[in-house]
Amino acid sequence: MSIALVDANNFYCSCERVFAARLHGRPVVVLSNNDGCIIARSEEAKALGLKMGTPIFQVRELIERNRVEVFSSNYELYGDISARLHEVLHDFSPEVEHYSIDESFLRLDASRRQTLDSIGREIRNRVRKLTGIPVSIGIAETKTLAKIAGYHAKRSKKTRGVLDLTGSPHQERALGLTPVEEVWGIGSRYGEMLRGSGIETALDLREAADDWVRQHLTVVGLRTVHELRGVPCLSLEIVPATRKTVTVSRSFGAEVETLCDLRAAIAFYVSRAAEKLRRHKLAAGMITIFIETNRFKDDRPYVGSATLQLAPLTDATPEMLAVAACGLESIFRPGRRYKKAGVTLGELAPIETLTRRLWGDDENERMKILMQTVDCLNAKFGRDVLRWGMFVNQGTWRTRFGKRSPRYTTKWMEILQIGSNSRFKK
DNA sequence: TCTGGGGTCCTAGGACCC
DNA sequence: TCTGGGGTCCTAGGACCC
């Protein structure tokens with residue numbers, strides 16, 4: 001029994017390439033909301049020295065000089081391609097964990113007919129053929145080891161994208177070649193601390209004493225170390241765990257000062273959060289509203305947050321809007337310039353487990369039908385065809401997506417056109 | 001001018017209870 | 001001289017992930 005990690009290469013950039021042949025072989029980057037930071041880079045862009053998380057304005061010249069292709073993020077497109085990719089994997093194993101938008105784990109068995117390596121190659125070819133996305137595949141006894149195999153599959157040309165380390169004599173060498181902060185679960189902070197203690201590679205970490213690890217990296221780190229030794233501690237999460245919070249937050253396109261603008265923004269985020277909640281068939285018992293000034297510019301940045309109960313639990317947008325508006329008033333400070341705001345819904349419970357309200361059931365029933373109708377119409381005719389009175393779908397706070405590619409696969413109006421003048425121009 | 005968004009888990013410390 | 005001890009719940013902060 002082995003675990004395979006299927007990891008899409010430079011996923012967002014690869015998605016852009018699927019629909020634009022001219023991007024092949026060229027440096028491509030995808031930006032975060034408001035076209036702020038670089039969050040994905042093609043190999044060619046990495047080679048130019050463009051780093052993950054860099055604010056675009058700091059590298060503007062480099063980008064122009066090298067004619068780097070720049071895109072705003074197009075989450076609708078990426079999400080849709082991710083779902084297709086996930087579907088392809090189900091042909092290869094009944095046990096698939098959709099770990100993130102660009103990574104999946106699956107349980108794999110070698111057979112008399114086929115080695116793990118050749119199964120991996122078949123997966124890679126099939127995904128490429130059916131989705132157009134290149135992937136790297138790492139295979140080993142545990143998730144953490146599979147991640148390390150994947151790390152080398154992606155970087156070493158010799159592997160041609162697939163590396164099986166299950167029971168392999170090469171496993172120790174691979175661990176020795178893995179910088180400790182590349183181990184899944186070891187970030188930059190722990191990495192620094194470990195290097196200070198002479199632990200520099202995944203192999204060093206594997207050999208560290210349990211007590212020491214427990215003390216310095218908590219039980220989480222201890223699990224990681226056991227996984228490096230080939231003892232599975234992290235199981236495949238085939239059924240996604242029920243989520244505990246739902247957050248919608250954004251930086252504004254431009255700073256805002258008035259309560260009126262903040263109300264509009266918060267109302268917009270509440271609507272989105274409530275839609276997400278209903279899609280997951282959950283209700284919330286708690287809502288947190290927060291607003292922030294610009295932490296990069298402000299000497300004394302202000303962060304205000306208010307948490308309020310939603311009693312009884314609800315999934316209805318109007319009920320949340322009313323509570324959110326109260327929360328906002330309590331944290332608003334006039335005379336400040338706000339750059340970001342957000343909403344978190346908590347104390348989530350599956351909607352069907354809720355007891356019926358003691359009274360007002362008619363009202364409740366009407367609200368349910370109203371919500372279903374709104375969601376349904378918005379799904380059919382486009383988001384925000386129906387909106388709640390409080391939010392005006394415009395204003396300087398709206399997120400900027402200056403360079404978004406068409407939503408080729410999810411919007412009829414933006415479907416790929418062949419041989420005609422594309423409506424999308426750089 | 002321009003600096004992302006959405007999650008999870010663990011620990012320590014304080015409040016409170018018996 | 002010597003100020004219990006254990007349990008639970010909550011929160012803030014810190015670490016991590018993509």
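Basis for what follows: all heavy atoms, side chains included, without hydrogens, waters or symmetry-related copies. Naming: A, B, ... by sequence-line order, numbering from 1 per chain.
Of the residues in residues 204-218 of chain A, A:R214, A:T218 come within less than 4.0 Å of DNA chain B through at least one heavy atom, sorted by number. For the contact set between residues 246-258 of chain A and DNA chain B, defined by any heavy atom under 4.0 Å, the members are A:V246, A:T247, A:V248, A:S249, A:R250, A:S251.
Residues meeting the salt bridge (charged side-chain N to carboxylate O under 4.0 Å, His left out) test with A:E192, sequence neighbours left out: none. A:E64 is linked by a salt bridge (charged side-chain N to carboxylate O under 4.0 Å, His left out) to nothing, counting only residues two or more places apart in sequence or in another chain.
Nearest heavy atom pair, residue A:I133 against residue A:C15, reads CD1-N, 3.9 Å. The minimum heavy-atom distance linking A:E292 with A:F290 is given by the pair OE2-CE1, 3.7 Å. Nearest heavy atoms, A:S251 versus A:N34: O-ND2, 2.8 Å. Closest approach of A:N74 and A:S405 over heavy atoms only: ND2-O, 2.8 Å.
Judged by distance alone, the side chains of A:S72 and A:D35 do bring a donor and an acceptor atom under 3.5 Å apart. Using modelled atom types, one finds no donor on one side chain facing an acceptor on the other under 3.5 Å when comparing A:T288 with A:S305. Remark: the A:D80 side chain and the A:T409 side chain contain an N/O donor-acceptor pair separated by less than 3.5 Å.
At the heavy-atom level, A:L31 lies nowhere under 4.0 Å from the strands shown. A:S73 comes within contact range of no nucleotide atom at all, as no heavy-atom separation falls under 4.0 Å. The residue A:S188 sits close only to the backbone: its heavy atoms come under 4.0 Å of sugar-phosphate atoms, none of a base. At the heavy-atom level, A:N34 lies nowhere under 4.0 Å from the strands shown. Contact annotation for A:V59: no contact, since no heavy-atom pair falls under 4.0 Å across all strands.
The side-chain heavy atoms of A:L345 and A:M320, taken from C-beta on, include a pair separated by under 4.5 Å.
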#### Entry: Strand DNA chain B in bracket notation, Watson-Crick/G-U under 3.5 Å with | for pairs to another chain
....||||||||||||||
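Taking the 5' to 3' direction, DNA chain C first and last meets chain A under 4.0 angstrom from a heavy atom at C:dA15 to C:dC18.
Residue A:E207 qualifies as enclosed at atom CD: its count of foreign heavy atoms under 6.0 Å is above 12. The local environment of NE2 in A:H90 is crowded, with over 12 non-hydrogen atoms from other residues, nucleotides or ligands closer than 6.0 Å.
Residue whose closest nucleotide on DNA chain B sits further toward the 5' end, between A:V219 and A:K339: A:K339.
Between B:dT3 and C:dC18, the distance separating the two P atoms is 25 Å to the nearest Å.
In this structure, A:W397 has its ring center at least 6.0 angstrom away from the ring center of A:Y338.
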